Amino acid sequence: MKEELIIEIKELIKTSDEDSIEINPNYLTYFEEEELLDIKNQLLERKSSMSALSSGYLDELYEKTKKDEL
């Protein structure tokens, strides 16, 4: 289970498909499963927040460019 969580965390850290994320294998023994799950959940929340912020920014930018065209 820990190894699966590490793989999921690596995927969440990536910013593009070409990224190669390496995490020290010692983390598998250092962190408990619950801690890794918490890290994963925090990354999911941040990714969701960033997506919402980006979406809002793009909407605002679109509205401004629409006004400029008028």
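These figures come from a predicted structure and were not determined experimentally.
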Open item on the list: Going by side-chain contact (heavy atoms from CB on, under 4.5 Å), Leu44 matches just one of Lys40, Arg46, Lys47. Which one?
Closed with: Lys40
- [ ] State, with a plain yes or no, whether a side-chain heavy atom of Ile39 is found less than 4.5 Å away from one of Phe31.
- [x] yes
- [ ] Starting at CD of Glu4, measure out to CG of Leu36 and round the result to the nearest 0.5 Å.
- [x] 11.5 Å
Open item on the list: With heavy-atom distances below 4.5 Å as the criterion, would you say the side chains of Ile6 and Lys10 are in contact?
Closed with: yes
- [ ] Starting at CG of Asp19, measure out to CD1 of Ile13 and round the result to the nearest 0.5 Å.
- [x] 10.0 Å
- [ ] Determine whether Glu45 and Gln42 make a side-chain contact, defined as any pair of heavy atoms from C-beta on separated by less than 4.5 Å.
- [x] no
Open item on the list: Check this for me: does any side-chain nitrogen of one of Lys2 and Glu33 sit under 4.0 Å from a carboxylate oxygen of the other?
Closed with: no
- [ ] Any chance you could measure Asp38, atom CG, to Leu5, atom CG, to the nearest 0.5 Å?
- [x] 11.0 Å
Open item on the list: Using the rule that Ile, Leu, Val, Met, Phe, Trp and Tyr join whenever any side-chain heavy atoms are under 4.5 Å apart, tell me whether Ile7 and Leu12 fall into a single cluster.
Closed with: no
Task: From Ile21 atom CD1 to Glu11 atom CD, the distance as rounded to the nearest 0.5 Å - done: 9.0 Å
TODO: Measure the CG-CD distance between Asn41 and Glu8 for me, rounded to the nearest 0.5 Å.
DONE: 9.5 Å
